[in-house]
Amino acid sequence: MIEELIALAKQMRAANERGEELGFSEEELAFYDALETNDSAVKVLGEPTLKTIARELVATVRMNASIDWTLRENVRAQLRVLVKRILRKYGYPPDKQEKRRQTVLEQAALFSEAWATAT
């Protein structure tokens, strides 16, 4: 059990260092990682564009997430549309766009309660 905790602590430290190297907040790094898992996106867009997309996604989702957005279909639909627009705006490869949109919304669900109470 202790070994697992030590391994987890090392992973968390490495993630924090990676976020600092990229100049990201915790939320931005999570969204960036969600986008970066698509190899074709990395090849086509490159790191600078993916960084821009991640930052814009965080800002947009943060502004539009309410406390109960996961319970209200109309708000979820609006966020899906906003995420889709951002991905299209930057030319994110369409082969994995739907999966990335789902992953981004899952990330948003993880952060949204904190964001909604902070505003």
Would you please name every residue forming a side-chain contact (heavy atoms from CB on, under 4.5 Å) with Arg88, sequence neighbours left out? Lys84, Gln97
Any side-chain heavy atom of Leu105 within less than 4.5 Å of one from Arg80? yes
Who are the side-chain contact (heavy atoms from CB on, under 4.5 Å) partners of Thr49, not counting sequence neighbours? Leu45, Ile53, Tyr90
Interatomic distance, Leu50 atom CG to Phe31 atom CZ [nearest 0.5 angstrom]: 14.5 Å
Decide side chain to side chain contact (heavy atoms under 4.5 Å, CB included) for Glu28 and Lys51; before the verdict, give the C-alpha distance in whole Å, the side-chain angles of both, and the deciding distance to 0.1 Å. CA-CA 8 Å; Glu28 291 169 339; Lys51 283 182 170 183; over 6 Å; no
Please give me the minimum heavy-atom distance between Val83 and Arg101, naming the atom from each residue. CG1-CG, 3.6 Å
For Lys89, the salt bridge (charged side-chain N to carboxylate O under 4.0 Å, His left out) test, sequence neighbours excluded, returns Glu56
When rounded to the nearest 0.5 angstrom, what distance separates OG1 in Thr52 from CG in Leu57? 10.5 Å
Residues that Arg85 engages under side-chain hydrogen bond (donor to acceptor under 3.5 Å, both in side chains), provided they are two or more places apart: none
Step by step, work out the side chain to side chain contact (heavy atoms under 4.5 Å, CB included) result for Gln78 and Asn74. CA-CA 6 Å; Gln78 179 186 5; Asn74 62 330; over 6 Å; no
side-chain contact (heavy atoms from CB on, under 4.5 Å) filter on Thr103, not counting sequence neighbours, yields Ala34, Lys99, Arg100
Rounded to the nearest 0.5 Å, the CD atom of Glu27 sits from the CD atom of Gln107 at a distance of 10.0 Å
